[in-house]
Amino acid sequence: ASQRYEEKIRKKGNNGRGMPLFLPNFLFLLLISCIIISFVGSFAFSFSTRMSSSAAQLHILKLPENPFEKYKEDEEYQWLRYRWYLVAEEEEEEDAVNDTSSSTTKKKIQPGDVVCFPILNTGAGEFECLRFVDTKRRPDGKWLLLDGSGDIEMPGFPQSIVEMVGGKQNVRDKYKKALDDMLEHCSSCTMEDILGGDDDEFWQDPPMDTTTEYHETGEWTIPYQIDNEEH
């Protein structure tokens with residue numbers, strides 16, 4: 001009797017008068033897929049929110065050599081378009097901390113961090129020294145540094161950095177403190193000082209830099225060294 005009942009059910013599924021036996025399995029898999037997609041989307045949104053809400057760290061660092069002396073024959077300043085790679089030794093990273101309160105503390109390098117090389121400042125503009133840590137670390141452990149000098153009088157935020165924080169509306173929360181600290185260290189001023197006492201308009205529509213073109217072969221590997229000297 002049990003076998004005849006199962007045969008009857010199977011025939012009903014095959015001739016359209018009942019639910020096919022595979023359909024419950026399909027619906028179950030569909031439900032699981034929706035749950036997974038929802039979880040992944042929620043995680044991605046949460047990660048993006050954390051990246052945009054946490055203030056960027058500022059690293060004030062030395063260059064291994066004075067580029068104006070090393071490349072003094074380069075009258076077109078091609079070395080500025082080299083790929084600059086920042087690297088910290090493993091033992092240095094183990095001792096480092098995450099810290100946005102000090103510019104002279106050894107800190108772990110994080111995606112999107114602000115890097116300042118005071119030696120690059122010539123007096124032409126306050127942002128000659130500005131670089132951003134790339135959004136992803138390279139497989140060899142190095143971090144590509146993105147040029148943030150803009151027109152040197154105002155910073156330029158690379159598109160990948162703006163996308164990382166979730167859009168221009170989040171750039172202020174991420175970078176205002178780091179840039180103000182950098183300016184205070186290098187020029188004894190803030191963004192508000194540069195902009196006549198009000199930087200709201202700047203942060204509402206921060207300038208982006210989409211024009212960076214790298215030198216075909218030039219590279220520069222830069223060890224993590226804090227710069228405590230006066231320039």
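Contact annotation: the side chain of Leu146 approaches that of Ser160 to within less than 4.5 Å [non-hydrogen atoms, C-beta and beyond]. Contact check for Trp143 versus Val87: no side-chain heavy atoms found under the 4.5 Å cut-off. A 4.5 Å side-chain heavy-atom check between Gln225 and Leu61 finds every atom pair outside the cut-off. In this structure the side chain of Ile222 reaches within 4.5 angstrom of the side chain of Trp84, judged on heavy atoms. Annotation: side chain of Cys186 is not in contact with side chain of Glu126 (no heavy-atom distance under 4.5 Å).
Residues passing the side-chain hydrogen bond (donor to acceptor under 3.5 Å, both in side chains) test with Asn66, sequence neighbours excluded: none. Residues satisfying the salt bridge (Lys or Arg N to Asp or Glu O under 4.0 Å) criterion with Glu65, sequence neighbours excluded, are Lys70. The salt bridge (Lys or Arg N to Asp or Glu O under 4.0 Å) test applied to Lys142 returns no partner, not counting sequence neighbours. In terms of the ring pair (Phe, Tyr, Trp, His ring centres under 6.0 Å) criterion, residue partners of Phe68 (sequence neighbours excluded) are, by chain and number, Trp79. Scored by the ring pair (Phe, Tyr, Trp, His ring centres under 6.0 Å) test, Phe127 finds no partners at all (sequence neighbours excluded). Every residue two or more places apart in sequence or in another chain that forms a side-chain hydrogen bond (donor to acceptor under 3.5 Å, both in side chains) with Tyr85 is listed here: Arg138. Taking Asp199 as the reference, Lys176, Trp203 meet the side-chain hydrogen bond (donor to acceptor under 3.5 Å, both in side chains) condition, with sequence neighbours excluded. With sequence neighbours excluded, the residues satisfying side-chain hydrogen bond (donor to acceptor under 3.5 Å, both in side chains) with Thr122 are Glu128. Remark: Asp205 engages Lys168 in a salt bridge (Lys or Arg N to Asp or Glu O under 4.0 Å) (not counting sequence neighbours). Legend: residues meeting salt bridge (Lys or Arg N to Asp or Glu O under 4.0 Å) with Asp147, ordered by chain and number and at least two apart, are Arg131. With sequence neighbours excluded, no residue forms a ring pair (Phe, Tyr, Trp, His ring centres under 6.0 Å) with Phe202.
Interatomic distance, NE2 of His59 versus CG of Leu145, reported as 10.0 Å (0.5 Å rounding).
With hydrogens and angles ignored, the 3.5 Å screen pairs a side-chain donor or acceptor of Asn170 with a backbone N or O of Val165. When atom types are taken as modelled, the side chain of Lys177 and the backbone of Ala55 share no donor-acceptor pair closer than 3.5 angstrom. A distance-only check finds no donor-acceptor pair linking the side chain of Gln110 to the backbone of Gln57 [under 3.5 Å]. Side chain of Lys62 to backbone of Phe117: no donor-acceptor contact under 3.5 angstrom is found.
Using cut-offs of 30° and 60° on the angle between ring planes, the pair Tyr175 and Phe132 is perpendicular.
A ring-centre distance under 6.0 Å is not found for Tyr77 and Tyr82.
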Per-pair distances, 0.1 Å, donor-acceptor, side chain in residues 191-198, under 3.5 Å, sequence neighbours excluded:
from: Asp193; atom 1: OD2; to: Thr190; atom 2: N; distance (Å): 2.9
from: Asp193; atom 1: OD2; to: Thr190; atom 2: OG1; distance (Å): 3.3
from: Asp198; atom 1: OD1; to: Asp200; atom 2: N; distance (Å): 3.0

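Heavy atoms of other residues, nucleotides or ligands lying less than 6.0 angstrom from CD of Gln159 number 12 at most.
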